[in-house]
Amino acid sequence: EQEQEQEQEQEQEQEQEILANTLELNKISSQISIQDEILNDVRSELPNLYAENINYSDEYLNNHFYFRPCMEDLFIPEKCILLGDKGTGKTAFYKALKIESFFHRLQSKSQKMHLNFEVVNITNFDNDNFEFLGFDKYLKDELFIKKFWMFFIWNSLCSKDDYKGNNKELLISLENLDVSDKIIDLISDKESYSKIEEDLIEINNNLKRQDKKLIITFDQLDNIVNPFLWNDVISPLVKIVMRFPYDSIHPKLFLRRDLYERLSNLTNKNSFSARVINLEWSQNEIFSFFLKIIFSSSNDKFFNFLERVLENSLLIQQIRRKLKTKDIKHNQLPLDTHLIQPVINAFFGDPKPNKSGRMSTAYEDLYRNIQSADKTVNLRPFIDLITNAIKEQDEQDKEKKYRKNAIIGLAYCTSKQVRKNAVVKYLEDLWNEKGNEFVKYFCLDLSNNKVNPVYKKNVLNEASFDKLLEEVKRNHRDDESIQNETLEELKQILVANKIVIPYMVGNKTRYGFAYLYTNYLGF
């Protein structure tokens, strides 16, 4: 009987041992790789760059907002035009300026804390929906248009408690639609308009007495002034801003680059370049932005991964140091290629050798795949490329095994379908802008094979390109706005939106298509 009990105990012990081993094996088999852990952390943190209502909390500013060097130029008085394509972050920057904690951090980064800056938004399209309508008689009267903008600035400032003028009875609420007659009457009356100027002088003098600098911002001007009127209405505003008469008030215009490039009645526009803040992204900026998401969402795991892959403890120590300032973690790498390049190459892995046998790198290949016609890059298609690559990798890697030891395999980022899908939302966003109707016809006709396939080439000579434009025009005979445009004007729209770029070969013009769109257009 005692032997029987011992046998039962031994059997139970063996069963428990087998169970423990089984549990351990299950635990091991259910453990996911560090690459998958990092990917799972990152995929939920990829930003929705199409969201207009971001909550600029301290948590968002610390972990997600990317502070760009060009933003610091805002405090240079001479820099008064901020130019960017769709998706470069004009509106995100403009909206962040309204947040006190962001503004102070930007001042601190710019080493301008000793100066007493304030910022006020002059345009208020989201709230009052004011549009430049009902002024048709005055479009060619540049003096009237300039007076209109001075009224607009005064009306916005004096509507706020901090900048009280002495002539509040002249204020006009822009919430109502039928305000054009009131504005015309006010501007046309010499005595009333002189009171506006007096108020602006007084506001400027008050700022001086308090040793303050006032930055006034203008955004969404394409919603306030129809793009077809920009030559007549926005050009005078640009001229005002270039020679603003009040030295303690610094206007800053946030402008769509494609519309600014199409302004034709600004003399010496090229001389303005020193006054412009360019919001296009550099190669290192776009990668540093992406790495900030990774360091913010999966810091310890990612360093664990880098230690295994890079085998360069000195570089990893340097990266750790650079992600902090005065013991405050900001997770943002400076724009140094020697720091960014190896980390990007580790994250995306090696590319397949190209036909020439030359090995490139993820750092080079990714950048090439997201370039517009003028070789600049945009955040939106880049993030959409990453999102689509993750999806394709999830679906196909069991079979294709392109990922290997990478977190997101580069082969998925550069696949034809991923590249095609990456630009769909961005292009729709681009061509839905007022003034960009032809972009839609041009891209869709090529993509849907509604033009002769001989035009599906990366580069066309001028004669072929003209014939392509004429064919697209013929396809849309019913759209008067397109029919009224000359071929030169249509070219200007495509060039300004960086779909194509003209360049000279000898004395002949060629038109090259943006690499970013080639898969979408079916090349």
Side-chain angles (χ1 to χ4, degrees), residues 50 85-87 125 129 131-136 139-140 177 220-235 255-265 372-374 378 380-381 420 423-457 460-502 509 511-514 516-523:
Y50 296 86
D85 298 329
K86 192 77 184 165
F125 183 78
N129 294 313
E131 291 184 69
F132 190 86
L133 300 170
F135 300 96
D136 294 3
L139 286 176
K140 301 298 177 187
L177 290 173
Q220 300 191 59
L221 282 164
D222 49 321
N223 286 323
I224 293 167
V225 181
N226 189 305
F228 296 109
L229 302 177
W230 270 44
N231 252 336
D232 295 321
V233 182
I234 300 298
S235 292
L255 302 179
R256 267 172 53 191
R257 183 180 288 278
D258 62 307
L259 294 180
Y260 176 78
E261 298 292 358
R262 281 144 67 182
L263 291 177
S264 59
N265 64 346
S372 296
D374 66 345
N378 253 309
R380 287 183 180 178
K420 183 178 178 178
V423 299
V424 171
K425 277 200 280 185
Y426 181 65
L427 272 174
E428 285 175 359
D429 223 33
L430 202 63
W431 70 47
N432 285 331
E433 293 281 13
K434 290 176 188 171
N436 279 348
E437 294 76 9
F438 186 69
V439 173
K440 181 177 186 175
Y441 298 144
F442 182 81
C443 292
L444 286 178
D445 282 9
L446 274 164
S447 179
N448 296 327
N449 301 311
K450 291 186 177 175
V451 292
N452 193 317
V454 298
Y455 302 125
K456 289 205 172 196
K457 292 179 185 170
L460 292 173
N461 63 35
E462 189 156 29
S464 296
F465 192 63
D466 285 355
K467 284 175 185 169
L468 169 59
L469 296 182
E470 283 164 358
E471 199 167 324
V472 175
K473 262 186 100 167
R474 278 198 302 276
N475 289 347
H476 302 279
R477 291 186 193 90
D478 53 337
D479 190 323
E480 278 183 40
S481 67
I482 302 304
Q483 296 309 315
N484 292 335
E485 300 272 12
T486 65
L487 286 190
E488 280 310 308
E489 285 168 332
L490 295 177
K491 282 179 190 176
Q492 203 180 16
I493 290 169
L494 296 174
V495 170
N497 280 287
K498 303 181 179 183
I499 308 291
V500 298
I501 190 165
T509 305
Y511 288 87
F513 283 82
L516 176 66
Y517 304 120
T518 49
N519 284 116
Y520 179 87
L521 299 173
F523 293 5

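Residue indices begin at 1 and follow the sequence shown.
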Partners meeting ring pair (Phe, Tyr, Trp, His ring centres under 6.0 Å) with [X] (sequence neighbours left out):
X: Tyr511; value: Phe465
X: Phe523; value: Phe513
X: Phe135; value: Phe132, Phe148

Please confirm whether the backbone N or O of [Y] pairs with a side-chain atom of [X], one donor and one acceptor, at under 3.5 Å?
X: Asp429; Y: Lys425; answer: no
X: Asn265; Y: Asn231; answer: yes
X: Gln483; Y: His476; answer: yes
X: Ser372; Y: Ala514; answer: no
X: Asn461; Y: Ala463; answer: yes

If you measure from [atom1] on [X] to [atom2] on [Y], what distance do you get to the nearest 0.5 Å?
X: Ile499; Y: Phe438; atom1: CD1; atom2: CZ; answer: 11.0 Å
X: Asn449; Y: Leu444; atom1: CG; atom2: CG; answer: 11.5 Å
X: Ile224; Y: Leu133; atom1: CD1; atom2: CG; answer: 11.0 Å
X: Leu469; Y: Leu460; atom1: CG; atom2: CG; answer: 9.5 Å
X: Thr518; Y: Lys420; atom1: OG1; atom2: NZ; answer: 11.5 Å
X: Lys457; Y: Leu468; atom1: NZ; atom2: CG; answer: 11.5 Å

Who passes side-chain hydrogen bond (donor to acceptor under 3.5 Å, both in side chains) against [X], sequence neighbours left out?
X: Asn432; answer: none
X: Asp466; answer: Lys491
X: Lys473; answer: none
X: Asn448; answer: none

If you look at every heavy atom in [X] and [Y], which pair is closest and at what distance?
X: Lys498; Y: Asp85; result: NZ-OD2, 2.7 Å
X: Ala373; Y: Ile501; result: O-CG2, 3.4 Å
X: Lys86; Y: Leu430; result: CB-CD1, 3.6 Å
X: Glu485; Y: Phe228; result: OE2-CE2, 4.1 Å

Does Lys456, at its NZ atom, have more than 12 non-hydrogen atoms belonging to other residues, nucleotides or ligands within less than 6.0 Å?
yes
Lys450, NZ atom: more than 12 neighbouring heavy atoms under 6.0 Å
no
Check the pair Leu516 / Asn378 against side chain to side chain contact (heavy atoms under 4.5 Å, CB included), numbers first and verdict last.
CA-CA 10 Å; Leu516 176 66; Asn378 253 309; 5.9 Å; no
Salt bridge (Lys or Arg N to Asp or Glu O under 4.0 Å) filter on Asp222, not counting sequence neighbours, yields Arg256
According to salt bridge (Lys or Arg N to Asp or Glu O under 4.0 Å), who are the partners of Arg262, at least two apart in sequence or on a separate chain?
Asp258
Return each pair, listed once, that meets salt bridge (Lys or Arg N to Asp or Glu O under 4.0 Å) where at least one residue sits in residues 224-233; pairs must be two or more places apart or across chains.
Lys140-Asp232
Could you walk me through whether Trp431 and Asn497 pass the side chain to side chain contact (heavy atoms under 4.5 Å, CB included) test, one step at a time?
CA-CA 9 Å; Trp431 70 47; Asn497 280 287; over 6 Å; no
Full working for side chain to side chain contact (heavy atoms under 4.5 Å, CB included) between Phe442 and Asn475:
CA-CA 10 Å; Phe442 182 81; Asn475 289 347; over 6 Å; no
In terms of side-chain heavy atoms, does Asp479 have a donor or acceptor partner in Ser481 at a distance below 3.5 Å?
yes
Can you list the residues that meet the side chain to side chain contact (heavy atoms under 4.5 Å, CB included) rule with Thr486, with sequence neighbours excluded?
Glu488, Glu489
Val495: partners by side chain to side chain contact (heavy atoms under 4.5 Å, CB included), with sequence neighbours left out
Val500, Pro502
Leu221 vs Trp230 side-chain heavy atoms within contact, under 4.5 Å:
yes
Is there side-chain contact between Tyr455 and Asp445, with heavy atoms separated by less than 4.5 Å?
no
Applying side chain to side chain contact (heavy atoms under 4.5 Å, CB included) to Leu446 and Tyr517, what does each step give before you reach the verdict?
CA-CA 11 Å; Leu446 274 164; Tyr517 304 120; over 6 Å; no
